[in-house]
Amino acid sequence: MIKEIKDKEVLSLIEQEKERENKTINLIASENYSSLDVRNAETSFFINKYAEGYPGKRYYSGCIYTDKIENLAIERCKNLFNVKYVNVQPHSGSQANMAAYFSLIKPKDKILSLSLDNGGHLTHGSPVNFSGQLFNFDHYSLTKDGFLDYDQILSIAKKFKPKVIVAGYSAYSRTIDFKKFREIADIVGAFLLSDISHISGLIASNVHPDPFKYSHIVTSTTHKTLRGPRGAVIMTNDSDIFENIQKSVFPGVQGGPLENVIASKAIAFGEDLKDSFKSYSRDIIANSKYLVEALQVRGFNIVSGGSDNHLFVIDLRNFDITGKEAQDLLELCNINVSKSLIPYDKNKPWIASGIRLGTPAITSRGLKTREVEKVADFIEQIIKTRKKIDIKKISTEVEDFITKFPIPDYYV
Ligand SMILES: *Cc1c(COP(=O)(O)O)cnc(C)c1O
């Protein structure tokens with residue numbers, strides 16, 4: 001479809017981005033490569049359609065196929081997660097969380113979550129985000145070694161008496177015990193909101209414990225481990241809560257849904273229902289664990305000492321380089337990572353003492369543990385030689401290595 005773009009200026013930038021992605025080792029934990037079908041659906045005629053409301057209850061006429069495509073996305077998502085009710089309209093994870101809060105509580109009500117600097121998300125109460133401005137947040141933190149501390153969460157919950165507890169993170173490399181979270185929520189009479197934006201693909205593949213039995217609401221993005229279009233979903237097994245969710249998304253926080261993206265979500269859910277997606281998710285975790293070990297052997301410290309999922313954070317303090325410096329240096333060498341705060345970090349967020357690495361994207365390109373070893377070699381070489389590094393030489397080596405694994409158009 002890209003060939004049909006007549007605007008030369010835009011076309012050129014799209015093609016340069018494609019080339020950049022092709023020659024880069026992408027270790028950004030929240031990114032992935034969606035299939036050609038997923039990309040193409042976004043450019044379909046559904047891009048033209050206004051469809052405020054829900055299937056069967058739209059404000060505009062002409063929604064016969066829009067209703068069908070949205071229902072298809074909903075049915076596939078229900079099957080994927082084995083959940084009763086799904087709203088597929090949120091434009092992003094942030095809007096899904098906003099709608100989720102509004103379907104459970106009112107502005108000024110109390111929410112308990114992990115702080116941003118410990119691996120939480122902006123929408124979990126950051127003062128620069130709507131969440132921190134509209135609701136009254138308190139935060140739990142990780143232990144010094146980087147683990148969730150359920151006793152601490154319970155004791156803060158008892159004192160703070162939140163109406164909502166949030167579980168689910170952007171930079172936590174360990175398994176989340178949703179059952180324990182629900183027990184704590186029940187003790188203090190709070191709702192449990194599980195934000196599985198990062199780990200939803202692993203959950204759909206049964207390689208991370210299921211939150212649905214224990215959560216009042218589950219939110220997720222669709223573009224991370226699910227490998228779909230940028231967007232999100234809100235899910236629940238409770239019919240009363242679902243009525244609130246429907247109203248909170250539209251007219252609460254959004255207008256017309258992006259039906260072209262919903263078509264694309266339907267395709268992604270279809271892909272995720274295949275057995276091959278389950279083995280992809282297992283490979284993500286195998287690669288993540290292998291990369292952790294390969295880096296530990298090379299002298300790198302990993303927050304919490306390991307990874308149970310698709311990501312982990314390297315604590316760079318023993319290498320005398322900040323997260324920002326490491327991110328910038330790696331970028332010059334065609335490797336993308338994201339700087340990340342480590343628990344109790346003394347640096348500011350835009351400097352940070354760590355980098356977050358994830359394996360969903362490289363696993364989509366077909367890298368297995370043998371190639372992951374090579375990725376660890378590149379990182380070691382770059383971080384250890386730092387200022388003396390020959391950037392031209394190593395960036396060419398990285399490009400030659402990764403372009404042998406083209407970004408797939410189809411996942412079989
Ligand atoms: C990525 C993420 C989101 C939101 O994603 P956007 O689509 O960028 O708004 C929400 N919560 C968590 C935990 C995330 O990691």
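Atoms within each ligand, like the ligands themselves, are counted from 1 in listed order.
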Looking only at non-hydrogen atoms, which of Lys224, His198, His91 approaches atom 2 (C) of ligand 1 most closely?
-> Lys224
Specify the protein heavy atom at minimum distance from atom 13 (C) of ligand 1: its residue, its atom name, and the distance to 0.1 Å.
-> Asp195 OD2, 3.2 Å
Going by the atom numbers of ligand 1, which of them fall below 4.0 Å from some non-hydrogen atom of Tyr169?
-> 13 (C)
Distance flag for atom 8 (O) of ligand 1, protein heavy atom under 4.0 Å = no
Do Thr363 and Tyr280 pass the side-chain hydrogen bond (donor to acceptor under 3.5 Å, both in side chains) test, and can you show the C-alpha distance, the side-chain angles, and the key distance before you say yes or no?
-> CA-CA 7 Å; Thr363 307; Tyr280 163 64; 5.8 Å; no
Aromatic ring proximity Phe242/Tyr85, centre distance under 6.0 Å | yes
Sub-3.5 Å N/O-N/O distance, Thr221 and ligand 1 | no
Using a strict cut-off of less than 4.0 Å between a Lys/Arg side-chain nitrogen and an Asp/Glu carboxylate oxygen, indicate whether Arg20 and Glu17 qualify as a salt bridge.
-> yes
His223 neighbourhood, listing ligand 1 atoms whose heavy-atom distance to it stays under 4.0 Å = 7 (O)
Leu367 backbone acceptor or donor facing Asn287 side chain under 3.5 Å = yes
In ligand 1, the atoms that come under 4.0 Å of a heavy atom of Ser92 are 7 (O), 9 (O)
Hey, is Ser197 touching ligand 1 through its side chain, its backbone, both or neither, going by heavy atoms under 4.0 Å?
-> side chain
Minimum-distance protein heavy atom relative to atom 3 (C) of ligand 1 | His121 NE2, 3.2 Å
Could you tell me the residue and atom name of the protein heavy atom closest to atom 6 (P) of ligand 1, and the distance to it rounded to 0.1 Å?
-> Gly93 N, 3.5 Å
Output, in order, the C-alpha distance, side-chain angles, deciding distance and verdict of side-chain hydrogen bond (donor to acceptor under 3.5 Å, both in side chains) for Gln16 and Ser12.
-> CA-CA 6 Å; Gln16 288 177 72; Ser12 157; 3.0 Å; yes
Does Lys78 NZ have over 12 foreign heavy atoms under 6.0 Å away?
-> yes
Do the side chain of Arg76 and the main chain of Ala268 share a donor and acceptor less than 3.5 angstrom apart?
-> no
When the ring centroid of Phe300 is compared with that of Phe312, is the distance short of 6.0 Å?
-> no
Which is it for Asn97 and ligand 1 at heavy atoms under 4.0 Å: side chain, backbone, both or neither?
-> side chain
